[in-house]
Amino acid sequence: DGMNVEFQEFCKLMTGSQAQALQYMFFAQRQCQKIPGVAGAVRPRRLKCCGIVGAGLMGGGIAMACAEAGMKVVLLDRDEKNLERGINVIKKNYARSVDRKSKS
């Protein structure tokens, strides 16, 4: 009897307005990636450099990921103090990775 109740409730959810909205978003996101007239003819180019505004936790992490991917990285912050603090955090993260032998 519990299985029947669960099935009935699932069917309500599956055909409800929230499910329809989620399905619409799912397919709309995929459709946005397709540019009419450019189907498969264009390949993305490799990025050689990047600029990151903000040397905080997120900006520093993005800078590290980009550097590890082989990109030249330009890191900016609103003042020298914040930029220096961000660079020091990046240096500490790399030093910690070397200590753990996950990087050389």
Side-chain angles (χ1 to χ4, degrees):
D1 191 45
M3 291 291 282
N4 287 334
V5 171
E6 186 175 341
F7 179 74
Q8 296 295 326
E9 295 301 315
F10 177 77
C11 288
K12 288 180 195 174
L13 291 173
M14 189 173 74
T15 59
S17 61
Q18 286 181 334
Q20 290 174 353
L22 288 169
Q23 290 169 19
Y24 173 83
M25 286 300 299
F26 177 83
F27 290 110
Q29 286 175 337
R30 273 136 193 87
Q31 191 63 36
C32 288
Q33 296 173 5
K34 300 174 184 174
I35 301 171
V38 187
V42 176
R43 299 216 185 267
R45 291 185 283 175
R46 184 168 174 80
L47 292 176
K48 297 176 185 173
C49 62
C50 69
I52 299 163
V53 178
L57 183 64
M58 186 181 293
I62 294 169
M64 289 176 67
C66 291
E68 289 175 26
M71 290 184 222
K72 176 183 174 187
V73 177
V74 176
L75 188 59
L76 301 172
D77 211 311
R78 63 181 159 177
D79 57 34
E80 189 70 28
K81 178 184 162 193
N82 286 327
L83 180 61
E84 190 64 34
R85 181 183 48 77
I87 291 173
N88 286 332
V89 169
I90 291 170
K91 287 178 182 177
K92 287 178 188 175
N93 287 340
Y94 278 123
R96 192 175 320 129
S97 295
V98 169
D99 290 343
R100 281 191 255 150
K101 297 184 174 46
S102 60
K103 292 196 186 335
S104 54

Which heavy atom of Met14 sits nearest to which heavy atom of Ala19, and what is that distance?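 Shortest heavy-atom contact: O-CB, 3.3 Å.
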Do you know which two heavy atoms are closest between Ala63 and Leu75, and how far apart they sit?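 In terms of heavy atoms, the two residues are closest at CB-CD1, 4.3 Å.
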Working to the nearest 0.5 Å, report the span between [atom1] of [X] and [atom2] of [Y].
| X | Y | atom1 | atom2 | value |
| --- | --- | --- | --- | --- |
| Met64 | Ile62 | CE | CD1 | 12.0 Å |
| Asn88 | Lys91 | CG | NZ | 5.5 Å |
| Gln8 | Lys12 | CD | NZ | 7.5 Å |
| Glu80 | Ile87 | CD | CD1 | 7.5 Å |
| Arg85 | Asp79 | CZ | CG | 9.0 Å |
| Tyr24 | Gln31 | OH | CD | 10.0 Å |

Look only at the side chain of Ser102 and the backbone of Ser97, and say whether a donor-acceptor pair between them is shorter than 3.5 Å.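 It does hold such a pair.
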Is the shortest side-chain heavy-atom distance between Asn93 and Arg96 below 4.5 Å?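 In contact.
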When you check the gap from the basic side-chain N to the acidic O, do Lys81 and Glu84 get nearer than 4.0 Å?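 Judged by the 4.0 Å cut-off on N to carboxylate O distance, Lys81 and Glu84 do not form a salt bridge.
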Leu76-Met58 co-clustered via ILVMFWY side chain contacts under 4.5 Å: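 No; tracing contacts between hydrophobic side chains, which count when under 4.5 Å, never links both residues.
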Ile90, Ile52: one ILVMFWY side-chain cluster at the under-4.5 Å cut-off?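 Both belong to a single hydrophobic cluster.
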